[in-house]
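In the text below, chain A, chain B and the rest are named by the order of the sequence lines, each starting its count at 1. Values below: all heavy atoms of this structure, side chains included; hydrogens, waters and symmetry mates excluded.
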Amino acid sequence: MLNLDHLNGSDHMPGSTAATALSVRDDEETILLRGYRAMVIGRRFDQQATNLAKQGYLAVYPSSYGQEACQIGAVSALRATDWLFPTYRDSMAIVTRGVDPAQTLTLLRGDWHCGYDPAATRTAPHCTPLATQASHAVGLAMAARLAGDDTVAVVLCGDGSTSEGDFHEAVNLAAVFAAPVVFLVQNNGYAISVPLAKQTRARSLAAKAPGYGIPGVQIDGNDLPEVYAAMTAAVELARGGGGPTLIEAITYRVGPHTNADDPSRYRDEAEALAWRRKDPIDRLGATLRARGLLDDDLQQAIDADAEEFAARTRRTVIEYPAPTAAEMFAHVYAALPPHLAEQADRYGREGGAA
Amino acid sequence: MLNLDHLNGSDHMPGSTAATALSVRDDEETILLRGYRAMVIGRRFDQQATNLAKQGYLAVYPSSYGQEACQIGAVSALRATDWLFPTYRDSMAIVTRGVDPAQTLTLLRGDWHCGYDPAATRTAPHCTPLATQASHAVGLAMAARLAGDDTVAVVLCGDGSTSEGDFHEAVNLAAVFAAPVVFLVQNNGYAISVPLAKQTRARSLAAKAPGYGIPGVQIDGNDLPEVYAAMTAAVELARGGGGPTLIEAITYRVGPHTNADDPSRYRDEAEALAWRRKDPIDRLGATLRARGLLDDDLQQAIDADAEEFAARTRRTVIEYPAPTAAEMFAHVYAALPPHLAEQADRYGREGGAA
Amino acid sequence: MTTDVASTVDVKQRVATVSMVKAINTALRDAMLADDRVVMFGEDVGRLGGVFRVTEGLSARFGDERCFDTPIAEAGILGAAIGMAVYGARPVVEMQFDAFAYPAFEQIISHLAKMRNRTRGALSTPVVVRVPYGGGIGAVEHHSDSSEAYMTHTPGLHIVTPATVSDAYGLLRQAIRGADPVLFFEPKRLYWDTEELALPVEVEPIGRAVVRRPGTDVTLITYGPALPLALAAADAAAEAGYDVAVVDLRSLVPFDEDTVCDAVTKTGRAVVVHEASGFGGFGAEVAARVTERCFNYLEAPVRRVTGLDVPYPPPQLERFYLPTVGRILDAIATTFGDS
Amino acid sequence: MTTDVASTVDVKQRVATVSMVKAINTALRDAMLADDRVVMFGEDVGRLGGVFRVTEGLSARFGDERCFDTPIAEAGILGAAIGMAVYGARPVVEMQFDAFAYPAFEQIISHLAKMRNRTRGALSTPVVVRVPYGGGIGAVEHHSDSSEAYMTHTPGLHIVTPATVSDAYGLLRQAIRGADPVLFFEPKRLYWDTEELALPVEVEPIGRAVVRRPGTDVTLITYGPALPLALAAADAAAEAGYDVAVVDLRSLVPFDEDTVCDAVTKTGRAVVVHEASGFGGFGAEVAARVTERCFNYLEAPVRRVTGLDVPYPPPQLERFYLPTVGRILDAIATTFGDS
Ligand SMILES: Cc1ncc(C[n+]2csc(CCOP(=O)(O)OP(=O)(O)O)c2C)c(N)n1
Ligand SMILES: Cc1ncc(C[n+]2csc(CCOP(=O)(O)OP(=O)(O)O)c2C)c(N)n1
Ligand SMILES: [Mg+2]
Ligand SMILES: [Mg+2]
């Protein structure tokens, strides 16, 4: 067995808070309640980020409003030692893992590319080149297995990303090596302006799974319990050596692609309205109330926590220290090559950002 | 409709000979007999090419010995106006289309990259970067449809090539645009030294088709009538606007990957011997004899034609004129940029090859 | 080929304020009007009109057959364009951002650039690949790369990049008409710059560099997004008493050695300015080539003012990475030994 | 990290005739012995031992977990190596031929090169990508590309290429031990060259160029497959009365400016020799950089002798494409104005 001075070990997620962290060891009620709470907080965070973008505090923000059940359901099934490979769309999932909200938004603030420590948080940087992080997850999971760790890697990607060659190669590699990876495709109906029907002619994206010889499931991505159950099953299958699973979660991008996008150019608002009626938070809220697990007092308490989290997000994003020119040179290489050392001397001195 | 000054038009295949050409309008017996004849001639050609490689007249030769039913079955289903997108493995299919044998082997002779005229023969150059020709076929087929032509494009590739991102992207594009394309995967069990089991975990390669929402079939690639029937159905489906089909033809690479390869390093010769018993030529020969369509006289006549074709191949390959240094510059651009014109002057003058 | 009637079609158009985005959009429209073999496709280029609105209105005007959205598959898009071109079409494809053309690298290098050569001219691939490139627009990582130097090294490709609104129109029309594949690098940061002009405009042919400003003391050799910067530096230098010439390459391949060397032999001093990292950048080829040709006229080595040799930084640090008027002035001074 | 015990492990080995293939194979073996985090994978590298037999015997010795075959998916292979490195492994991957690394371009440029920078050093990707490259072996198209210049432009990568058997061993050991990603370009045409040596050998560190032959009249700056040619040209030039120095770069990034410029300032004349096409090739960076640093010492412009600016030709024409002793001698003469 390999002796990797790898990054995992403890089952404790730094920065993880009871507010958001779920553990597979919890009973069902706790899971539903925590999940509900995390979705409410997550949405509030997402709305705050959208506001910050509109107000110019963020360079851009791709909202996952409406995809809360996917975002929270995905990370809720993970141990602290498991790795998450998110996209630009998945900030809500990242904070739900316990990553500091301002650090989560650093990239989108036009600040350093990745603001959090991926090693400490077992959360890869937001990936923008579509589907390219999928093979990273496969390799990481294989290395973890070689090291004798029971780490599972979860890839988040969108429906459009499944058309990329990188997606195909990564899923096939994971299948052939039975790597402990779960691919969660958040099928939110659109790739920027392009609807799913122009992305694939397949009945479903889950239908790709048999072509790789792995299990594939299509689930209701707006139903937290269903996402959580499917993710937990897939994660534990992978952990047990059963190889990868492809999960297609049907959801909807209620908002624009990013704050810069105008969906009215390519889709009918009625469609979005219809989906608002399938809102994942309202749905779980109703279930919880029906089961007597949620009442107004608890809802108020949760809302208060959400407000506090959103306020912290706003405050810390705005106060976040600006990067300095010196940082451009600090991490290009372990040691600067001569031609770069010269430049660091000349241009690495100038102060930080305006 | 687009007015493309496209390359098709006549239904006559230049250089095509009764020896090899089949037409979809022929009756079944004619088809079987012509197919048998083409397989015998094709194998003899292939053996000649292998000899030429061993004797140093070819730089390298990837034999398709044992894959005759795929090679002949594939092109037999095509009209002269249809396009073929072959790989380095498919020289037998190329000559069966009527392309001159010496021109077919130019690349492998270490002579010019493509020795035949792809426009006149509707046969793309042998493609070596795996699966990269697949998207060319999709685009060509889309352009033909735009031009109002009923051209179909057929992609030949191997089992290993299906792991490439390029394969995935091309099949998905063809599906989404219902492009008139047929993907024939010759699953010959190996990618150089790597067996299919290490290439995919899927039950079959045809199982990938539903993931693209297109028909997929797995066929016996050593049974000419079956290959011909499947190809004809898929080609006519595509021609009729029914979109692409993925065909997996199970066959076996009886010989080495190329004359430079030594299969004993990675597979058991018993395996190859077992497959020789499923020889596509012997099988169809037996059928034809059983049906009284083939007797010793006819066999001798066919063998004589095969000998003659092999002799012509040998003679013309050896006599083939050497390329000249000037050709290096002649077709890089439609017009030479200044820096290259200078070089053409200085280095394009030197004579041909040794 | 259908004759190019666009120039007559739109000749009645009046002078107007035109942005580079609009100029490119108009060039595409006119090209599609002029030649029905021209087909446009890529990610979000259809109904949305592209993330930069460069293809706005084209699918509405010409239909989904001639301007359409594709699945997200850059290698596949490039490969399909190659196949279409082989059949006689004139595909124009958009790579949504510089760094998102990288998945198509193999198709560009091994096929797009080589098909004519491989087939002794029997097949050609007159594909135009539009690549919005460069930084200065406050975008997150992978959205600001200057990727031209990855392409200039490969024989068989034309590498074109406009720096003015009229060139954006004129060079693109020429690129689409041309017989060879063109990587058409569009400087994002200049997308919203405007010119007063009447379209269509005729411009110097691809392969011809243009002296944007004559000068006798030192020659700035530049292209694409760096031209306005070079002109600003030339103005600033004038105040310091230097008469600075500015040459806009317009196409990196073909490279107009004659125009560049004429300018440099006159001034005896030269500075190459581009946004991409300097190490292994196109400025190296310019410096090496000019030095080979003009060595005896050179009073000082050709200097390079470029992006720093680090990954493109986040928006808040862009201004430290990018060439500045100050760095160009320093380089000019250096060629006079003043520093 | 497990300490590197290889040098002791094999110290008893005797001097033997070793080919470059064998040296690389031994370096891989010793690296895997020295550090159990080293993992090898790629196409046909397992049971077959690679199409050039470079990985022969490794899977048998270290097991399928540490040396294994992958599906044919270059981008996926590269991406998996990145993920493994992030977790602490030391992946060494093989791209079967130069041109077949192109599908992995995006992973190399956008991730392998940038992961450390992107994460402020929290993650690093010490991956070694072995790329058999260059021509002269009579291979069909796409099997003879010199692709180094596509990589030298990207900050974050080390670009290393051995020209001798000892360097093949020594530089590869260093590359695998190093903290940064390395593209290790192996000159195919030198694979079967031999040296008398005892492995393991210690060689100068990556980043250090080596003067393979001292000389006072002109400096040939070269690397990888072109070194033997440059040395042959130096011998031939000696007969013509020129005393020619030959510098072997060994690594293009980091680039050893000091060693190169020391040599050039002594000779006042320089010729860069490489197999890749000249236009936009690495020779341009060398010429530009050397000229910037050594201008006042230069008697003549730095010349370049390279592959022609055409797609790599078929085997029968290779010798017209590749640099020759004759072309190097002409260039040397040119630097003396003798032509
Ligand atoms: C390789 C690559 N190509 C293109 C893009 C530009 N792009 C950014 S997001 C996007 C759409 C992605 O759609 P999907 O995968 O469904 O994810 P979603 O945004 O819907 O969450 C595109 C085309 C990119 N980021 N990377
Ligand atoms: C992009 C690319 N990667 C790697 C190679 C090297 N290579 C040549 S043939 C081959 C195996 C292909 O196997 P398969 O697709 O099954 O076709 P077959 O040779 O069995 O007919 C490989 C890996 C290549 N030609 N192109
Ligand atoms: Mg989507
Ligand atoms: Mg095969």
Revision key, fill the gap. Residue from R289(D), M151(D), E74(D), Q107(D) scoring the most non-hydrogen pairs under 4.5 Å with chain C is R289(D)
Study note, to complete from the structure: Checked A287(D), G283(D), P103(D) vs chain C; the most non-hydrogen pairs under 4.5 Å come from P103(D)
Practice item. Report yes if the distance between the aromatic ring centroids of Y150(C) and Y150(D) is under 6.0 Å, otherwise no. Key: no
**Study point:** S146(D) portion near chain C, given a 4.5 angstrom heavy-atom threshold
**Key:** backbone
Revision key, fill the gap. Cut-off 4.5 Å, heavy atoms of chain D, and the answer for S147(C) is neither
Review point. Mind checking whether E106(D) and E106(C) have side chains closer than 4.5 Å, heavy atoms only?
Key: no
Review point. Do F295(C) and L298(D) touch side chain to side chain, with heavy atoms closer than 4.5 Å?
Key: yes
Point to revise | Winner by heavy-atom pair count (cut-off under 4.5 Å) against chain D, out of A300(C), P314(C), P313(C) | key: A300(C)
Check your understanding: For the residue pair H153(D) and F279(C), is the inter-centroid distance of their aromatic rings smaller than 6.0 Å?
Key -> no
Study note, to complete from the structure: Checked L308(C), V302(C), I109(C) vs chain D; the most non-hydrogen pairs under 4.5 Å come from I109(C)
Practice item. Against chain C, label E299(D) side chain, backbone, both or neither, depending on which of its atoms sit under 4.5 Å from a heavy atom there. Key: backbone
Check your understanding: Non-hydrogen atoms of chain C under 4.5 Å away: do they reach the side chain of L252(D), the backbone, both or neither?
Key -> backbone
Point to revise | Closest non-hydrogen atom pair, A284(D) against E285(C) | key: CB-OE1, 3.5 Å
**Study point:** Which of P301(C), P311(C), P155(C) touches chain D most, by non-hydrogen pairs under 4.5 Å
**Key:** P301(C)
Check your understanding: Which region of R293(C), side chain (C-beta onward) or backbone (N, CA, C, O), has a non-hydrogen atom less than 4.5 Å from a non-hydrogen atom of chain D, or is it both or neither?
Key -> neither
**Study point:** E141(D)/K114(C) ion pair, N-O < 4.0 Å
**Key:** no
Check your understanding: At their closest point, which heavy atom of R304(D) faces which heavy atom of E292(C), and how far apart are they?
Key -> NE-OE2, 2.8 Å
